Amino acid sequence: MKRIAIVTGAVGGIGSEICRQLIKDGFRVVATYRLENENKAKTWQNNLIQEGLNIDVMPVDVSDFTSCSDLVNRIVSDIGPVAVLINNAGITDDATMKNITSEQWHNVLRTNLDSIFNMTKPVFQTMCDNGWGRIINISSINGQKGQFGQVNYSAAKAGIYGFTKSLALEGARKGVTVNSISPGYIGTKMVNEMPQAIIDSIVKEIPIGRLGKPIEIANAVKYLVDEHSGFITGSDLSINGGQHM
Ligand code: CAA
């Protein structure tokens, strides 16, 4: 039987590439999406199926604990136990301290950090009981170095490191690895929605001289979920073109 992997925020640029990679590597992938993106998610699913990549799609609100545990219960009863969790869902809502509202703060913290707990809690014990599991949390270069106008996003992404390292200790003797990946600026909708002048100024800070590609993040996921990566836990892989070392 194929191992089951959940990828949250799957319909986005990085999530899509992660799904493709995991399917090609023999996992049965459940891609999650926000309920308001139902039509987009179904179109996305059809496109993948046309590429020859079979994938399940299911809605979840990662900021809500009950929604996450309901999703996992549904997967366990319909398909089987979850072996791999890629916590990829995330949003930005950038604003300087002068302008940011409490709602912008809490919304980003709930979606980008509470979500990691909400999705992990319902799968972790089963992974331990089964003696094998892989959890990968997608953080960000901006959780490492901070970014002008991103107190909410940077705080959430930095919080992921503490979560990852603490849970890695709990999973270490159970065959469950917990790692993070910190992408730099990748050429996805999230980055391309910024004003062009800001994108240009960021690219000037990247020694490799370009934005990253989603496949370059998916390739790190492939590496960390591999059977022979069982000695890597509590680590972070920074993939940022040399922008932050
Ligand atoms: N450092 C210092 N000062 C800066 C600055 C910087 N990087 N950027 C702008 N300022 C200054 C401006 O010159 C301006 O100064 P004055 O008030 O003296 O004129 C002041 O700060 C206000 O700046 P803005 O006009 O930019 O303020 P704004 O409210 O219009 O915009 C912002 C704020 C929306 C946060 C905008 O600066 C912005 O979009 N910044 C980029 C944030 C960013 O990198 N987001 C990443 C999104 S992608 C992502 O997050 C994925 C990932 O993981 C990497």
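What you see is a predicted model, and the numbers here were worked out from it, not measured in a lab. Indexing begins at 1, ligand by ligand and atom by atom, following the structure's order.
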>> Pair D94, Q147 - check side chain to side chain donor-acceptor pair (under 3.5 Å), show working.
In response: CA-CA 10 Å; D94 298 348; Q147 173 64 347; over 6 Å; no
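- Nearest protein heavy-atom contact of atom 51 (C) of ligand 1 is Y153 OH, 3.5 Å.
- Polar contact check, T92 against ligand 1: no nitrogen or oxygen pair lies under 3.5 Å apart.
- The protein non-hydrogen atom at the shortest distance from atom 26 (O) of ligand 1 is F148 CE2, 4.5 Å.
- Listed by first and then second residue, the ring-ring contact (aromatic ring centres under 6.0 Å, His included) pairs involving residues 49-102 are F65-F117 (not counting sequence neighbours).
- Sorted pairs that involve residues 124-148 and meet ring-ring contact (aromatic ring centres under 6.0 Å, His included), not counting sequence neighbours, are lacking altogether.
- Proximity annotation for atom 38 (C) of ligand 1: of I186, I100, I198, I198 comes nearest, heavy atoms only.
- Nearest non-hydrogen protein atom to atom 28 (P) of ligand 1 is T96 CG2, 5.0 Å.
- Scanning the protein for heavy atoms near atom 42 (C) of ligand 1, the closest one is D94 OD2, 3.4 Å.
- Salt bridge annotation for E51-R20: present, with a cationic side-chain nitrogen under 4.0 angstrom from a carboxylate oxygen.
- Not close to ligand 1: G143, with no non-hydrogen atom less than 4.0 angstrom away.
- With a heavy-atom cut-off of 4.0 Å, K157 does not touch ligand 1 at all.
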